[in-house]
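This report refers to the structure that appears directly beneath it.
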Amino acid sequence: EKHFTIALAGNPNSGKTTSFNSLTGSHQHVVNYPGVTVEKKIGYTKLDETKVELIDLPGTYSLTAYSQEEIVARRVLIEDKPDVALAVLNSVALERNLYLVLQIMELGVPVVLALNMIDEAKEQGMTINAKKLSELLGVPVIETIAKTGEGLKTALAESIKFAEEKKANKITPLVISYGTDIDLTLDKLSEKINQYPELINQYPTRWLALKFIENDFDIKQQIAKQNLELHNFLETQVNELTKHLQTTLGTFPEAVIADYRYGFISSLMRNGIVQRKENNAERIARSDK
Ligand code: GDP
Ligand code: MG
């Protein structure tokens, strides 16, 4: 008998809890994390003979250490190691919602996209090319309407199928370029991190390096606790990079990183992922001219 764990990830109000409730019904309970007020909801469902555990992650826009929700969401992804993340996206704000998806992909967690609220998108005259998005990102993309339950069973089935595929051929985390300066530092830090097997068992190497460059206090603290010498080495390298970026660009690494992530998404979107029909009011306004 097979058993899978799926984490529902997404921005606040994207429809995670509605999806979670629809899939698990009353088979759910709440777990509290030590030291934080954010709770973790666990639910159960079955697809044919496969038992599925679902985790309703707190809603976040990112996976930095900006809020308790973000720290909890990424700790679950890193420590509980779900087989797959089902990203529940608000289709109406697809571009913004993809920002989180990239970060889950950088973590090396297999991700399946639910284009939720597709009813709203259609109502607003938007068409989303799910097939193209799926090809470009290399992940399954399914249209859903969590409010009515439409597409949720398909999303569940695709998530399990994708998790099985990814188990068979180990997943490689998404690599985004952050420009020459940051990329070179990422390589240097990664080389050092790779000398510590106990760390690369816990985190993807490049992700850990990226968190140091982003000056992520939570991750830096974890590493300092485990290996102070490594922490200090990484910090010294990052300080040099930070000084360099400040003198050349007048900005901080975390801002450069965010810019490149948005740039990555913009170039995705330029492949005609979203088509907008003009609505009646716009058409009338145009013909009036
Ligand atoms: P969460 O913050 O991600 O857990 O979002 P919720 O599940 O609480 O949903 C936020 C709101 O969106 C609720 O009012 C839902 O009824 C509504 N909602 C969820 N899914 C859909 C959908 O597919 N279509 C529409 N129109 N509304 C939805
Ligand atoms: Mg919720």
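Sequence positions, counted from 1, serve as the residue numbers for this chain. First listed ligand is number 1; within each ligand, the first listed atom is number 1.
Taking every heavy atom of Ala146 and a limit of under 4.0 angstrom, the matching atoms of ligand 1 come to 20 (N), 22 (C), 23 (O). Proximity to Asn116 (heavy-atom distance under 4.0 Å) selects the following atoms of ligand 1: 20 (N), 21 (C), 23 (O). Set against the non-hydrogen atoms of Glu120, the atoms of ligand 1 under 4.0 Å away are 26 (N). Listed by number with element, the atoms of ligand 1 under 4.0 Å from a non-hydrogen atom of Ser14 are 1 (P), 3 (O), 5 (O).
Screening Asn21, Asp56, Thr45 against Gln28 for a side-chain hydrogen bond (donor to acceptor under 3.5 Å, both in side chains) leaves a single residue, Asn21. The one candidate from Lys220, Glu254, Glu235 that meets the side-chain hydrogen bond (donor to acceptor under 3.5 Å, both in side chains) condition with Asn215 is Lys220.
Checked by distance only, ligand 1 and Met117 come closer than 3.5 Å through their nitrogen or oxygen atoms. The shortest N/O to N/O separation between Thr17 and ligand 1 falls below 3.5 Å. Considering backbone and side-chain atoms together, Ile118 places no N or O closer than 3.5 Å to any N or O of ligand 1.
Looking only at heavy atoms of the protein, atom 5 (O) of ligand 1 is closest to Gly15 N, 3.1 Å. In this structure, the protein non-hydrogen atom closest to atom 2 (O) of ligand 1 is Asn13 N, 2.7 Å. Of all protein heavy atoms, the one lying nearest to atom 3 (O) of ligand 1 is Lys16 NZ, 2.7 Å. The protein atom (non-hydrogen) at minimum distance from atom 13 (C) of ligand 1 is Thr18 OG1, 4.5 Å. Looking at atom 16 (O) of ligand 1, its nearest protein heavy atom turns out to be Lys147 CD, 3.7 Å.
For atom 26 (N) of ligand 1, the nearest protein heavy atom lies closer than 4.0 Å. By the definition of a contact as any protein heavy atom under 4.0 Å away, atom 21 (C) of ligand 1 is in contact.
Both cation-pi conditions hold for Lys192 and Phe233: the charged atom is under 6.0 angstrom from the six-membered ring centre and inside a 45 degree cone around its axis.
At a threshold of 4.5 Å between side-chain heavy atoms, the hydrophobic network of Ile, Leu, Val, Met, Phe, Trp and Tyr places Leu228 and Phe217 in two separate groups. Ile171 and Ile6 are assigned to two separate hydrophobic clusters, defined by single-linkage of ILVMFWY side chains at heavy-atom distances under 4.5 Å.
In terms of modelled atom types and a separation under 3.5 Å, the side chain of Asn116 and the main chain of Val88 share no donor-acceptor contact. The backbone N or O of Glu69 sits nowhere less than 3.5 Å from a side-chain atom of Thr60 that would complete a donor-acceptor pair.
In summary, the side chains of Thr64 and Glu214 do not present any donor paired with an acceptor at a separation below 3.5 Å, with no hydrogens or angles considered.
Taking the six-membered ring where tryptophan is involved, the planes of Tyr260 and Tyr178 are perpendicular, since the angle between them exceeds 60° and thus also 30°.
Residue contacts with ligand 1, taken as heavy atom pairs separated by less than 4.0 Å, involve Asp119 solely via side-chain atoms from C-beta onward.
Metal site remark for the Mg ion (ligand 2): Thr17 contributes an N, O or S atom at a distance under 2.8 Å.
You'll find the ring centres of Tyr61 and Tyr99 outside the 6.0 Å limit.
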